[in-house]
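Heads up, the thing below is written out as structure tokens.
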Amino acid sequence: MRGVYENPLGSGIWWVHYYAAGKRHREKVGRKSDAIKLYQSRKADVVAGRKLPELRNSKVVTLSELIDDVLEFVAHHKDNRSYESKGEIVRKALGSKPAADLTPQELERWLRIRCKTPATANRYKAFVSLCYREGIRNGKVTVNPARLVRQRKEGTGRLRFLSREEYERLHKVIAVRFPERLAEFVVSVHTGMRLSEQYSCMWSQVDLERRTIELTKTKNGSARTVHLNADALTAISSLKRPLQKASDPVFPREGSQGRFDTRSWFQPCLEEAKITNYVWHSNRHTFCSWLAMAGASIIEIQELAGHKTITMSARYSHLSPEHRLSVIDRIATVS
């Protein structure tokens, strides 16, 4: 017997087995090429009489244990809540399974059943992959099955934005139903701040004289300055109260858990205003789209929205009148 085999057949997971000191040894490796190298190394060790490494077979490591380790690893990450949420969902479905026994096929099947969109499936695949990478780093597993799961092709994303008429309609509904929330909505649309950026903002970051907000914690990790137009400035100024501390949040969070809750009041307002296929994050698309329609360049949109790559900003270029005119001018016969 060669000593290298795939188990189960077609799984992409390769094992080696060999005899040493009268005992049969099996090790799970992963790729076929790695399995062949390990088998040759172990065989050479046996022939030379070298002591073989101790294998960690005495304790069964479950996927739940890998999840615990990775949650400890990301405890201070800015998206720590997202990791915790994914961790509990994966734990409930696969946590009791021995980590070494999970195959790419099983993981792919679970992702197909659990996730409605390619983007969601890719995020969960990435989380499981992180669990196994940490497990390998900690010496608890030797292979990462998520690495062999196919990445799903994602769409360009939802680019739904409000027309001026829709904005006015929604503005009126919020002003009547949730007047205390109106400033949050106006600031979101007129600054393009991400939800986490807006609701973690403190008064110490706001300069009403210079009409700016200095963001220190952003999604792409780079600090940036948010500029306030007249609408955003008026909205933020309306929230200022006497004896306010610099450390107070501009937009206080709801509940004892301090969650960013916008759905509880934003969704009913959308329904009353008869606006469909729109979520809070779409306010950011509205901001970028209005900039493009006002003639902002892709570079300007990138800077104002805080996009890490210009590709993100380029999605709005088709809305720019300058862009459309420059394309048409290229085919003109009269200079």
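Throughout, residue positions are numbered sequentially from 1 according to the sequence presented.
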Check: Would a 4.5 Å heavy-atom cut-off, applied to side chains only, mark R181 and C269 as touching?
Finding: no
Next item on the list: If a pair satisfies salt bridge (charged side-chain N to carboxylate O under 4.0 Å, His left out) and one of its residues is in residues 126-139, list it, with sequence neighbours excluded.
Entry: E134-R137
Next item on the list: If a pair satisfies salt bridge (charged side-chain N to carboxylate O under 4.0 Å, His left out) and one of its residues is in residues 121-131, list it, with sequence neighbours excluded.
Entry: R123-E154
[X]: what forms a ring pair (Phe, Tyr, Trp, His ring centres under 6.0 Å) with it, not counting sequence neighbours?
| X | result |
| --- | --- |
| F161 | none |
| Y167 | H171, F185, H190, W290 |
| Y124 | W110 |

Item checked: Chi angles and distances behind the side-chain contact (heavy atoms from CB on, under 4.5 Å) call for R224, E197 -> CA-CA 11 Å; R224 82 172 190 277; E197 294 169 348; 3.1 Å; yes
Who passes side-chain hydrogen bond (donor to acceptor under 3.5 Å, both in side chains) against [X], sequence neighbours left out?
| X | value |
| --- | --- |
| Q40 | none |
| S238 | none |
| S64 | R91 |

Margin query: So if I apply the side-chain contact (heavy atoms from CB on, under 4.5 Å) rule between D207 and each of Q205, E209, R211, which one comes out positive?
Written below: E209
By salt bridge (charged side-chain N to carboxylate O under 4.0 Å, His left out) - contacts of [X] (at least two apart):
| X | answer |
| --- | --- |
| E271 | none |
| R210 | E214 |
| E303 | none |
| R150 | E108 |

Notebook entry, point to check: Does atom CD of E72 have more than 12 heavy-atom neighbours, drawn from other residues, nucleotides or ligands, at distances under 6.0 Å?
Noted result: no
Item checked: Over 12 foreign heavy atoms within 6.0 Å of NZ, K97 -> yes
Check: Once the angle between the rings of F266 and W280 is folded into 0 to 90°, is it parallel (under 30°), tilted (30 to 60°) or perpendicular (over 60°)?
Finding: perpendicular
Note to self: Cation-pi check for W203 against K245: NZ or CZ below 6.0 Å from the six-membered ring centre and within 45 degrees of the axis, yes or no?
What the structure shows: no
Next item on the list: Decide yes or no on side-chain contact (heavy atoms from CB on, under 4.5 Å) for I213 and I236, but give the supporting numbers first.
Entry: CA-CA 10 Å; I213 296 176; I236 287 217; 3.6 Å; yes
Next item on the list: Spell out, yes or no, whether L162 and F178 are grouped together once hydrophobic residues are joined by side-chain heavy atoms under 4.5 Å, including indirect joins.
Entry: yes
Next item on the list: Check whether any side-chain N or O of S188 sits under 3.5 Å from a backbone N or O of E184 as a donor-acceptor pair, and report yes or no.
Entry: no
Next item on the list: For side-chain contact (heavy atoms from CB on, under 4.5 Å), just list the numbers for Y83 and V70, CA-CA rounded to whole Å, side-chain angles, deciding distance to a tenth of an Å, and then say yes or no.
Entry: CA-CA 9 Å; Y83 284 113; V70 90; 6.0 Å; no
Notebook entry, point to check: Checking side-chain contact (heavy atoms from CB on, under 4.5 Å) for the pair Y132/V143: CA distance, chi angles, key distance, verdict?
Noted result: CA-CA 7 Å; Y132 276 88; V143 66; 5.8 Å; no
Next item on the list: Considering only NZ, NE, NH1 and NH2 on the basic side and carboxylate oxygens on the acidic side, decide whether K140 and D69 come within less than 4.0 Å.
Entry: yes
